[in-house]
Structures are given as structure tokens and as C-alpha cells.
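One structure is given below, encoded as C-alpha cells.
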Amino acid sequence: MSANNSCTDVLVPLRNLSNAVKCIRDRVKDGESNESAGAFNLSDFWEVLNQAVKATSQEVTKFSLAFSKSPLPSEEDCAKLAESVQKHVLALSAIYYWLPKSEGITLRKLVREATGEVLDGVVQLLGILLSSPLQSLSQEQLTSTGGVWASCDQFAQLPRDNHAAVLHVMASYIGMVKDALEEMNQALAESQDPFSDVLDDDELEARGNQDTYWSENDHQLISKCLGLIKASGACLRKLSIAVQKNGKVDTAENITQLDDLADAAREISPSVDDLVLSLYPPVNCTVVDQNASKLAAILMKTLQIIRSCHVCLEGDLSWVQFLEGAVDHNLQEVKSLSEGSS
């Protein structure tokens, strides 16, 4: 058999494998996990999942190496390699489905995302093999294989229960709000005109153009909005501490309450971003009022959920009440300044 024929023949199992992995990936990303009919052992789940991840990484490595040098595997050998990769990918996805919702939706989402990243990496590698000349290890193939390794390695860092999963996502939300606050403070500190670095000299001289700088009224309004953003960060930090100290996963109700807290907290950062974006000139007070009201409503809803959750002990009520007052005060100040400017 010639080299050209051999190359053409091995592409068929590659294409079939690529299509199969794409289908498996899409089902994982869109599908639901199974509900456990009996007792579910989370520790056993992680042990089996980690074994499957390790085996998948090894099979993908073996598969990639087979197409990195001459001679290429025969069509029969290629079909066997592809079958083995597909078997391990199916096993990995099947084990994800073992994880029931009752163990926590936040945890399940993190495992689903990690599984999906491995499958994305395999699809990407197969695409490279199908589109690149075989019999040589390209940098793109090497990088893609390393990407699958990295996706597999991250399983070791995943939270092991819903308590840890909620703390994990909380930390990311805290970071997002912190970044938004720092961005706004930096823009205020750098210049009266946040667009000075993109305007030419003639435009900079036209200081009367309020489309490019903040007026004194704008600064007052921004100050009150920053109060709402700071309250958002404080709410997330306090909630994270309460979850860390008091969060439990011993009952289905407690697990669900932790998921409810994570869902409520997830809404805060996008609303902070919307508010920050509306504070750049030209400032539309009506839009700022709307975004501030939306953020305040989300914060009040989150604080109300915290009140009714098992993580909120009697000693936590003081900071919940303080933040409720701070949110309401800053919102009323924003509304007063917005109405006065309109």
C-alpha cells in the first residue's frame, strides 16, 4: 500500500472518531445527570472519575503519538486506536452522568464544564490531525495534545463537594466585582477625561464636550454608585465567610440552599458591570438609575435569601441588616441625583 493510500485510509477512522466525540461532548454539555436510585457515595465517584480522566489522557497521548511519525498506523490499527479513545471518552462522560443533582447543582456544573473541556480538547486535536499533513509532529498538534493534558490535570483541583464548589464560584464573583471597582477608581484617578488617550489635541481642547468627560454632577452620581458597588463586594465577601464557616452538605435542604446562594450571587457581578459601563461619559442619568435599581434589587434579594439560609446565624444578622441599609441609602441618593440632573 502506498503512503498516499495509507494516509487516505486512516482518515476514515479519524473522521468517524471526531464525529463520535462531538456527539458525546454535545450530550454532556446539554444533558442532565442521572438521579441516584440508591445511596450515592461521593468519595467513590471521585476515585472512579479520576481514574477515567487519567486513562483518557493516556489514550489520547498514545493516539496523538501514533500520527506523529512515519510509518502511519495501518487502517486496522488506526480503527483500533480510535475505538479505544472513543471507549475511554464514553466512559468519562458516563461517569459524569453518575453525579446526581442531589449532590449539588453548583458542583455538577463544575464537573460538567471540566468534562466538556476535555472533550473540546479531543475534538480540537482530531481536527488538527484531519487538516494537517500526517507523519510529522507539528507544533499545533503538540500544543493541542498538551491542552488535553491540562484539561485532564484540572480535575485534581476541582472542589470535592457542593460546599467547596459554592466557595469556589464565590471567589470568582468576588474577583469580578473587585476588578470592576478598581477599573472605575482608576478611570476617576487618571483624568477628568477618561478618553484623553484616544482623542487628538484639537478634541482635547474642546473641554465643553460633555460626551468625553465627567461633569461635577457626574462625579457626585458616580460616588453614590460606587457605594452600591462596594456594598456588592462586601455582600459577596461576608457571604463567602458565612458559607465557609457555617455551610453544610449533610442534608438535601442544606445542599439546595447553598445552590440558591450561588445562583443569587452569580447575578451580582453582571449587574455591577452594567452599572459601571453606564457611568462612562456621556452619562445618561436615566440609564444609571435603571442599572442602579437593578443592582440594588439583586442585592436585596440576595440578602433576603441569606437571612433564610442555614449559613446565616444570629451573629450574622447584624451585617445583613447593615448592608440592607447601605444599599437602600445609596440607591436613594442615586435616584435623588438622577432626578435632579434630568
Side-chain angles (χ1 to χ4, degrees), residues 101 104-110 162-163 165-181 184 221-222 224-249 251-279 285-339:
K101 290 181 180 179
I105 292 175
T106 307
L107 175 65
R108 187 172 64 103
K109 181 180 179 183
L110 291 176
N162 209 46
H163 178 245
V166 170
L167 286 173
H168 176 85
V169 298
M170 288 282 185
S172 68
Y173 303 153
I174 291 170
M176 292 175 192
V177 172
K178 180 182 177 183
D179 289 345
L181 182 60
M184 198 72 242
L221 182 61
I222 290 171
K224 302 306 176 183
C225 289
L226 288 179
L228 272 178
I229 297 171
K230 290 176 182 177
S232 301
C235 176
L236 288 170
R237 289 192 301 273
K238 287 288 189 179
L239 173 56
S240 181
I241 292 171
V243 169
Q244 184 175 19
K245 288 183 176 179
N246 309 322
K248 298 178 181 178
V249 289
T251 66
E253 182 181 4
N254 286 343
I255 290 173
T256 299
Q257 286 183 357
L258 290 178
D259 283 329
D260 290 341
L261 289 172
D263 287 342
R266 185 174 61 246
E267 296 183 39
I268 294 175
S269 176
S271 294
V272 167
D273 289 340
D274 289 342
L275 180 57
V276 167
L277 287 174
S278 65
L279 294 177
C285 292
T286 300
V287 175
V288 172
D289 184 289
Q290 292 171 346
N291 288 333
S293 297
K294 178 183 175 183
L295 175 57
I298 289 172
L299 288 172
M300 287 300 198
K301 173 187 171 185
T302 301
L303 290 166
Q304 188 60 39
I305 292 174
I306 293 171
R307 278 180 174 272
S308 61
C309 181
H310 71 277
V311 305
C312 183
L313 305 184
E314 186 174 352
D316 296 301
L317 289 175
S318 58
W319 65 259
V320 173
Q321 293 170 350
F322 174 81
L323 286 174
E324 286 173 339
V327 170
D328 182 66
H329 171 76
N330 282 290
L331 178 61
Q332 296 309 316
E333 290 287 317
V334 169
K335 286 188 170 296
S336 177
L337 289 168
S338 297
E339 292 169 359

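Quick caveat: nothing in here was measured; it's all calculated off a predicted structure.
The two residues Ala231 and Leu323 come nearest to each other via the heavy atoms O-CD2, 4.1 Å. Contact detail for Val177 and Ile229: the closest heavy-atom pair is CG1-O, 3.9 Å. Taking both residues in full, the closest heavy atoms of Gly227 and Asn330 are given as CA-OD1, 3.7 Å, listed atom of the first, atom of the second, then distance. Looking at every heavy atom in both residues, Val288 comes nearest to Ser278 through CG2-O, 3.5 Å. In this structure, Ser271 and Leu295 approach most closely via the heavy-atom pair CB-CD1, 3.9 Å. Taking each heavy atom of Ala264 and Ile305 in turn, the nearest pair found is CB-CD1, 3.8 Å.
Atom OG in Ser338 sits 10.0 Å away from atom CD in Gln290 (nearest 0.5 Å). Rounded to the nearest 0.5 angstrom, Glu333 CD and Cys225 SG are separated by 11.0 Å. Between atom CD1 of residue Ile222 and atom CG of residue Leu337 there is a gap of 11.0 Å, rounded to the nearest 0.5 Å. In this structure, Ile298 CD1 and Met300 CE are separated by 13.0 Å, a value rounded to the nearest 0.5 Å. Separation of atoms CD (Glu267) and OG (Ser232) is listed at 12.0 Å; rounding is to 0.5 Å. Rounded to the nearest 0.5 Å, atoms CD1 (Ile105) and NZ (Lys109) are 10.5 Å apart.
Between Asp328 and Glu324, every side-chain heavy-atom pair lies at or beyond the 4.5 Å cut-off. A 4.5 Å side-chain heavy-atom check between Lys224 and Lys335 finds every atom pair outside the cut-off. Side-chain contact between Tyr173 and Val272: absent, with no pair of heavy atoms (C-beta onward) separated by less than 4.5 Å.
Taking the salt bridge (charged side-chain N to carboxylate O under 4.0 Å, His left out) definition, one finds that Lys294 meets it with Asp274, sequence neighbours left out. Residues meeting the side chain to side chain contact (heavy atoms under 4.5 Å, CB included) test with Leu258, sequence neighbours left out: Asn162, His163, Val166, Val243, Val249, Leu261, His310, Val311.
For NZ of Lys178, the number of neighbouring non-hydrogen atoms (other residues, nucleotides, ligands) closer than 6.0 Å is 12 at most.
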Item to complete: Could you walk me through whether Leu239 and Met170 pass the side chain to side chain contact (heavy atoms under 4.5 Å, CB included) test, one step at a time?
Response: CA-CA 8 Å; Leu239 173 56; Met170 288 282 185; 3.2 Å; yes
Worksheet entry | CA sep, side-chain torsions, deciding dist, call: Glu253, Lys248, side chain to side chain contact (heavy atoms under 4.5 Å, CB included) | CA-CA 10 Å; Glu253 182 181 4; Lys248 298 178 181 178; over 6 Å; no
Discussion item. Side chain to side chain contact (heavy atoms under 4.5 Å, CB included), that's the test. Do Thr302 and Leu299 meet it? Break it down for me.
Written reply: CA-CA 5 Å; Thr302 301; Leu299 288 172; 5.6 Å; no
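Distance alone, capped at 3.5 Å, is enough to place a donor-acceptor pair between the Ser293 side chain and the Asp289 backbone. Put simply, the side chain of Asp316 gets close to the backbone of Leu313: a donor and an acceptor are under 3.5 Å apart.
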